[in-house]
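Heads up: the structure comes next, in structure tokens.
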Amino acid sequence: MIHPENSEEYKGLTVNKGIEQPSTINPYRSFKRKAKRPLPSANEYVEGILKGNITLLSQAVTLIESTLPEHQAIAQEVIEKCLPHSGRSIRIGISGVPGAGKSTSIDSFGMHVLERGGKLAVLAIDPSSERSKGSILGDKTRMEKLSVHPDSFIRPSPSAGSLGGVARKTRETIILCEAAGFDKIFVETVGVGQSETAVHSMVDFFLLIQLAGTGDELQGIKRGIMEMADGIVINKADGNNIEKAKLAAAHFRNALHLFPAPESGWTPRVLTYSGFYGLGIKEIWDMVYEYMDFVKANGYFQYRRNEQAKYWMYESINEQLRNSFYQNPEIAAMLPMKEKEVLGGSLTSFTAAHQLLDKYFNS
Ligand code: GDP
């Protein structure tokens, strides 16, 4: 008897022709590359922005932040056209070290401001964002109430380029936001030094958030930053921290007396508050409005804005010259060699710089 597996009828080891599998590629799909939707024209952006269209505003801000020359060209045209519609807002710089409570406070301040009507844009300048590739300032998730308010616009810090470049982009964003009807602008920054100067150069009121410490709160804070402040506010004055906050406020008041009187003629105030519990927020905003009345009456408001416009003209010149220099192919080729010579001691830094600049301007 033959084994069933050896019988001719046995099919167990033969492979049946299977069902033909359909191609995994859809034969009806056209592989012609879809043409990218063209960007709106500068005029379309401007029209949308003036109507308060947030999508177009956001897209235009993205163009400001882009490094592509064609994006920059449209962005500059949009800014130019929005400029006559800008300027009618209160611009407030808000600074404090990480953990001081900036986002919690901006959430409370912002909601308080919006209760009185108007629209609020929250922008940021974060000098560290280039390194960390992504800014934490102006992050929507940190401003829970404000981020879902229909009259707020929150935009994190632009992250590419030098501090000057980042600051310029934020300043240009202010112009677009104002043209879109935002009448209050907050510019948030971390209290580390240079970025305050940049923020100070684009706001009307500079608010410094501080915390009560162990009696030596003045130690860590740079004199220059304090001198810039139009108001110093001590946060977290709640629970059993109230007395400490009051003590810190007294320290700051004493320290401010030692500074020369500010150009504005305004005497900077020191207040305590709690961003988390919403205590003392009204008093801070009353102070801002009082300041605005004061500087508008004595002419300092317009003077400061003019000075800022002048500052930004020079900043733009500097930035463009610097970019043009470093993007010059001959310079880019020469730089590593010159750097080596300087490091090797065969050339001084000054001579190397001189040779490079000479090449740039005379070739
Ligand atoms: P930022 O880094 O300056 O933006 O600070 P955050 O707003 O993220 O706040 C840092 C921490 O301080 C968070 O845990 C907040 O909940 C807390 N905080 C902020 N404001 C207050 C306040 O007014 N009182 C108290 N007790 N805690 C606060």
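Whatever order the structure lists them in is the order used to number ligands and atoms, beginning at 1.
- For ligand 1, the atoms sitting less than 4.0 Å from at least one non-hydrogen atom of S274 are 22 (C), 23 (O), 24 (N), numbered in the order shown with element in parentheses.
- Each of the following atoms of ligand 1 lies closer than 4.0 Å to a heavy atom of K102: 1 (P), 2 (O), 3 (O), 4 (O), 5 (O), 7 (O).
- Interatomic distance, E77 CD to S41 OG, rounded to the nearest 0.5 Å: 8.0 Å.
- The shortest N or O to N or O distance between E188 and ligand 1 is not under 3.5 Å.
- Residues Y289 and I281 share a single hydrophobic cluster, defined by chaining ILVMFWY side chains whose heavy atoms lie under 4.5 Å apart.
- An N or O contact shorter than 3.5 Å links K236 to ligand 1 by distance.
- Here's the thing with Y273: none of its N/O atoms is less than 3.5 angstrom from an N/O atom of ligand 1.
- Within the 4.0 Å heavy-atom cutoff, V97 counts among the residues contacting ligand 1.
- Distances from ligand 1 to the non-hydrogen atoms of P98 include at least one value under 4.0 Å.
- With rounding to the nearest 0.5 angstrom, the CZ atom of R304 is 9.0 Å from the CD atom of E263.
- Within the structure, every pair that satisfies the side-chain hydrogen bond (donor to acceptor under 3.5 Å, both in side chains) test and touches residues 104-113, not counting sequence neighbours, is listed here: S105-Y273.
- Within ligand 1, the atoms closer than 4.0 Å to a non-hydrogen atom of S103 are 4 (O), 6 (P), 7 (O), 8 (O), numbered from 1 in the order shown.
- Below 30°, between 30° and 60°, or above 60°: for F205 and Y291 the angle between ring planes is above 60°, a perpendicular geometry.
- The distance from the CG atom of N298 to the OH atom of Y303 is 11.5 Å, given to the nearest 0.5 Å.
- Heavy atoms from both the backbone and the side chain of T104 come within less than 4.0 Å of ligand 1.
- In terms of the ring-ring contact (aromatic ring centres under 6.0 Å, His included) criterion, W312 has no residue partners (sequence neighbours excluded).
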